[in-house]
Amino acid sequence: MKKTFLFVLVLLTALQPLKADEGMWLPLLISNRIGDMQAKGFRLTAEDVYSVNKASLKDAVVLFGGGCTGEVVSRDGLLFTNHHCGYGQIQQHSSVEHDYLKDGFWAMNKDEELPNPGLTVSFLQRMEEVTEQVLKGYQPSMSETQRDSVVRVNSAAITKSINDPEKGIRSSVEGLYYANQYFLFVYKIYSDVRLVGAPPSSIGKFGGDTDNWMWPRHTGDFAIFRIYANKDNEPAEYSKDNVPYKPKRYFTISRKGVKEGDFTFVYGCPGSTKEYVTSDEVRYIGNVSDPEKIALRTQRLDIQKKYMSQDQAVRIQYSSKNASVSNAWKKWQGEAKGLARRKTVDSKIAFEQDFRNWSKNNQYNGLLDQLSSLYEQRNPYFRASEYYNETVSTIELLTFANRIYTALEAGNPISEIAERFYKDYYQPIDEETFVAMMQAFDKQMSSEFKPSYFTEKLSKYGSIEAWRNDLYAHSLFTDKNKVLKLTKEELSKLDADPAYEMYKAFNQWYRKDIQPPISRISRDIYLAYRKYMKAQMEFQPDKAFYPDANLTLRVAYGKVAGYSPSDAVYYSPVSTLKGIIEKDDPNIFDYNIPQTLRDIYAEGGHDDQPVCFLATNHTSGGNSGSPVINADGELIGINFDRVWEGTMSDLAFDPDFCRNISLDIRYLLFVVDKIGHAKWLLDEMSFAD
Ligand code: ARG
Ligand code: ASP
């Protein structure tokens with residue numbers, strides 16, 4: 001008996017290294033985790049990860065733009081991020097003559113690097129806990145509104161004393177753990193960030209939406225930028241007199257490579273997670289929100305695909321729209337499936353039962369019932385808002401009508417808005433979307449969640465199709481020439497345009513009947529969560545709680561590891577160039593690699609060229625572009641995705657399925673060298689081995 005027990009224990013311990021590591025930790029408090037990190041192989045100290053007294057790894061990590069991460073890799077401010085994070089910039093510099101999306105872009109010296117007005121990178125200078133200062137003057141007898149105003153006034157005083165726009169210093173106070181604790185984040189923001197290199201999309205987006213959220217993956221998802229500063233190394237708007245930024249710290253690159261079991265550490269800015277919500281919220285997401293949104297998007301994607309496959313021009317017009325509709329669509333499928341597989345609702349209910357027993361005689365008694373009843377009140381409105389967003393708001397003609405109306409009203413020029421819209425507009429797709437989405441709205445919303453405008457129009461026309469026919473036949477917005485001639489004086493005429501009228505009626509209904517109750521109830525839910533978060537911490541005093549993601553800098557550590565997606569299948573964690581060649585097919589857009597890559601492969605000797613790898617780091621949207629670091633603090637990869645079977649990690653982490661996908665840094669080096677012939681960039685990097 002004892003022997004069996006010991007055997008199981010040994011077995012469990014032996015298997016432990018393959019289990020994933022949940023958590024996205026605050027760098028400031030990393031000393032609480034460093035023991036565990038070191039036990040798992042990390043060879044640096046807490047001070048090496050985060051310090052305000054000396055240069056540390058955090059000084060080489062940036063928030064890239066408003067929703068990705070990037071890392072500095074040279075003493076001249078060279079920066080890596082993902083191709084999909086720099087996509088907008090690459091596209092902006094592209095034209096028919098220079099299609100950098102299609103062909104890639106490689107500056108051959110610093111003068112050829114391309115400026116990107118509006119693009120910034122933010123370095124975290126320091127963070128500190130400021131709960132006491134933020135709550136100064138707060139009395140427990142105060143109402144929540146009074147508490148809010150105390151928090152607002154105190155936070156504003158703190159950030160005001162720090163912010164210095166001329167020097168690029170911006171700070172923010174963030175309520176973490178549902179505002180049980182407040183932290184100050186001080187950033188230095190550089191706004192001259194130039195494009196240095198990007199592979200062709202057939203490498204940087206290889207696999208496209210077919211392979212998105214999937215393993216095996218072979219995407220060379222990287223782009224290279226450079227940060228510029230003024231002569232004092234301070235932030236400055238673009239100027240040709242600016243010079244390359246000299247970082248406090250940059251990453252050394254390791255070419256040793258990775259193998260299953262190796263320690264990995266992702267340092268970046270995850271955007272949003274909800275790990276501490278109740279079974280009610282998980283049930284709503286997994287059983288209602290995800291499936292319903294998936295069904296609506298399936299219809300839209302099918303309509304788009306039908307026309308895209310018939311006509312090359314339409315394919316180009318809708319490729320970017322299609323990609324963004326499909327990205328969340330696929331993520332939600334994995335999320336709903338994962339929550340069901342892991343029985344997250346049931347395990348939350350079991351946890352809540354224990355919690356109820358514990359809280360019977362304390363101040364938290366009744367808290368879960370309160371949350372349940374709040375969700376019950378909120379959900380019908382919330383569901384209506386999701387339908388509003390996924391149906392009416394996806395009809396392009398309606399939102400375009402509103403954009404034109406608003407621009408005219410403000411006295412702004414409309415020609416650019418119109419040109420951009422018509423360039424990528426294909427009316428048959430929009431008309432079919434109109435019918436499918438409005439029929440779904442009609443079918444799924446009960447009458448109390450339909451605007452009277454909708455009911456009246458539908459009874460007037462008798463069917464959605466008839467309504468559609470009339471709207472597209474009579475709206476001026478289907479006619480580019482008429483739109484371009486519009487002036488402010490004609491605004492009143494537009495009020496009666498069927499597209500604008502419909503947009504406005506739905507929007508007013510949404511703002512008057514749907515949004516206010518959601519805001520009111522959501523506020524109460526948030527307040528209840530503040531108590532519930534605190535209560536969970538008291539209920540589980542030995543558990544280490546990491547705050548939900550909010551785009552602030554986090555540490556996630558784990559290991560290179562494969563996984564088993566289904567019975568009898570095991571995915572090993574490293575993909576190679578051989579796999580790219582296996583997928584290569586000139587007839588399939590997503591898998592049509594550049595001829596150069598075929599030629600290079602044909603030379604031989606590149607079968608084992610690594611491309612991507614899987615690991616167990618807990619990441620989320622926003623972690624794209626994050627440095628993946630080895631046990632010695634060297635750069636081994638760039639994070640860019642997760643596997644779809646594990647996307648429920650935003651709500652609950654399943655160690656068996658949650659894997660992040662990274663580009664192997666050696667594939668970046670290979671592409672820069674062999675495809676970009678940009679050896680000068682390699683010369684600038686520094687290598688550990
Ligand atoms: N799934 C990744 C993320 O959420 C990558 C998306 C970009 N790539 C694409 N094929 N749509 O951002
Ligand atoms: N692809 C995501 C991003 O762009 C990363 C993820 O969701 O895992 O941030």
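Just so you know, ligand 1 is whichever comes first in the structure, and atom 1 is the first atom listed for that ligand. Nothing fancy with the numbering, it's 1 onward along the sequence. As the structure is a computational prediction, the values presented were derived from the model and not from experiment.
- Set against the non-hydrogen atoms of N623, the atoms of ligand 2 under 4.0 Å away are 9 (O).
- The shortest N or O to N or O distance between K205 and ligand 1 is not below 3.5 Å.
- Ligand 2 has a nitrogen or oxygen under 3.5 angstrom from a nitrogen or oxygen of F640.
- In the vicinity of W213, heavy-atom distances shorter than 4.0 Å reach the ligand 2 atoms 7 (O).
- Geometrically, K293 engages W332 in a cation-pi contact, judged by NZ or CZ lying under 6.0 Å from the ring centre and within 45° of the ring axis.
- The shortest N/O to N/O separation between D641 and ligand 1 falls below 3.5 Å.
- Using a 4.0 Å cut-off between charged nitrogen and carboxylate oxygen, K330 and D209 do not count as a salt-bridge pair.
- No cation-pi contact links K40 to F263, judged by a cut-off of 6.0 Å to the six-membered ring centre and 45° from its axis.
- Remark: R554 is not positioned above the aromatic ring of Y267, lacking an NZ or CZ atom under 6.0 angstrom from the ring centre and at most 45 degrees off the axis.
- Ligand-side atoms of ligand 1 in range of G208: 10 (N), range being under 4.0 angstrom from any heavy atom.
- Disulfide check for C269/C68 fails, with the SG atoms at least 2.5 Å apart.
- Geometrically, R33 engages W25 in a cation-pi contact, judged by NZ or CZ lying under 6.0 Å from the ring centre and within 45° of the ring axis.
- Looking from atom 8 (O) of ligand 2 to the surrounding protein, the closest heavy atom is R642 NE, 2.8 Å.
- Ranking protein heavy atoms by distance to atom 11 (N) of ligand 1, first place goes to D209 OD1, 3.1 Å.
- The closest approach between a heavy atom of K331 and any atom of ligand 2 is not below 4.0 Å.
- Look at K331 and D650 and you find a salt bridge, because one of the NZ, NE, NH1 or NH2 atoms lies within 4.0 Å of a carboxylate O, short of that distance.
- When hydrogens are left out, the protein atom nearest atom 9 (O) of ligand 2 is G622 N, 2.6 Å; that is the closest non-hydrogen contact.
- By the criterion of a heavy-atom distance under 4.0 Å, neither the backbone nor the side chain of T647 is placed next to ligand 2.
- In this structure, atom 5 (C) of ligand 1 lies nearest to the protein heavy atom N212 OD1, 3.5 Å.
- In this structure, R341 forms a cation-pi arrangement with F657, its terminal cationic atom sitting closer than 6.0 Å to the ring centre and no more than 45° off the ring axis.
- Using a 4.0 Å cut-off between charged nitrogen and carboxylate oxygen, E396 and K321 count as a salt-bridge pair.
- Closest to atom 5 (C) of ligand 2 among all protein heavy atoms lies S624 OG, 3.3 Å.
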